[in-house]
Amino acid sequence: MTGLQGRHFLSTLDFSVDEVTGLVDLALDLKRSRRSAALERMVSVLLFFNPSVRTRVSCEAAMVRYGGSAITIQPGKDTWNFEAGEGVVMDGNTQEHVRELAPVLSRMANFIGIRKCELITVGNDKATVTGSYPELARDFFMHRLAEFSEVPVINLESNRFHPMQGLADMATMRERFPEPRGTKYVLTWAWHPKSLPVATPHSQLLSAADLGMDVTVLRPEGWSLEPAVLAAARARAESRGGSVRETDDIAAAYRGAKVVCAKAWGSLDYYGRFDEEVRRKQPLRADWIVDEAKMARTDDAIFMHCLPVRRNVVVADGVLDSRRGVVVDEAENRVWTAAAVFAALGGRVR
Ligand code: CP
């Protein structure tokens, strides 16, 4: 692919629909060995502020598969603590500023990947955030890293977007629906004991929109996605002959669907007030699992999820383990889409 060299990959919204679908075409060609990715002697440095299985392994595997290498570091655990603010007097817990970090890594590596999402917790940790959603959605640190980087910065999940997941979802749907335009796609909110980020559902919504699908966002009142992202998705879907609508009507949403993609996400209305959100969503638990009865209303839909998934909370075993469950294929496509991103974007930032 030409024209993408030296660009950051922070959101698919920074790319035209043609550029995004071109990356998916490249990924599927790499998977079928129709093209190769020239990553020999290239290095990716991957900053993981949060845990990961798929994102980390797919990026590392993509680099190694095509002759490059990847170095994963966990900021704050095996590095200095990083600072991004302007004019900060660094007499506290941060030792290194992105003004040095980004150009230094740029001299040592060809790509900088970053996963930094304030709302990801592990185990029994309670979700806590220090800012409002609009503040966190600025993804300040990631954008500062990109500002001072001389090589492409790749978003491996921020507060607002997870574009690498979006690309893998597009590839997975393109494999099953070579012409997905007008195909009914349902992105359903799922009950979950925790408040999770909106980054993945935002990028999944955009992935279906960019394919020109007829997208239904199924969510309870109070769990709408960000209005600006919904508007962008609607415009991009309509430019491709598709559509985007929101509903809380579960039965109608599933009817005729060819794709059901489930994801739990936290309410933007209750952002930062997670105890209140948990109380409010408790009565929703029984109705918002993806189960066999709901899938029976679809037009033999496939079931997608980004993983990891909580079995029998988000989705019933009977759906996940059936021939409709494509989550492992979806995860595998993370490798091919990561390789496509590295191959297409490699080059100095202009
Ligand atoms: N889907 C996804 O990003 O998985 P990980 O959190 O394991 O990277």
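In this text the structure is predicted, and so the values were computed from the model without any measurement. Counting starts at 1 for both ligands and their atoms, in listed order.
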Strictly distance-based, threshold 3.5 Å: is any side-chain N or O of S149 a donor or acceptor partner for the main-chain N or O of A146?
no
Look at the rings of Y271 and F274 and say which category their plane angle falls in: under 30° parallel, 30 to 60° tilted, over 60° perpendicular.
perpendicular
For ligand 1, what are the residues with a heavy-atom contact below 4.0 Å?
S52, V53, R54, T55, R115, H162, Q165, C306, L307, R334
Got a second to check how far I154's CD1 is from C59's SG, nearest 0.5 Å?
8.0 Å
So if you build clusters from Ile, Leu, Val, Met, Phe, Trp, Tyr with side-chain heavy-atom gaps below 4.5 Å, do V186 and L230 land together?
yes
Do any N or O atoms from the side chain of T216 and from the backbone of L218 form a donor-acceptor pair under 3.5 angstrom?
no
Should K294 and D287 count as an ion pair when the cut-off is N to O under 4.0 Å?
no
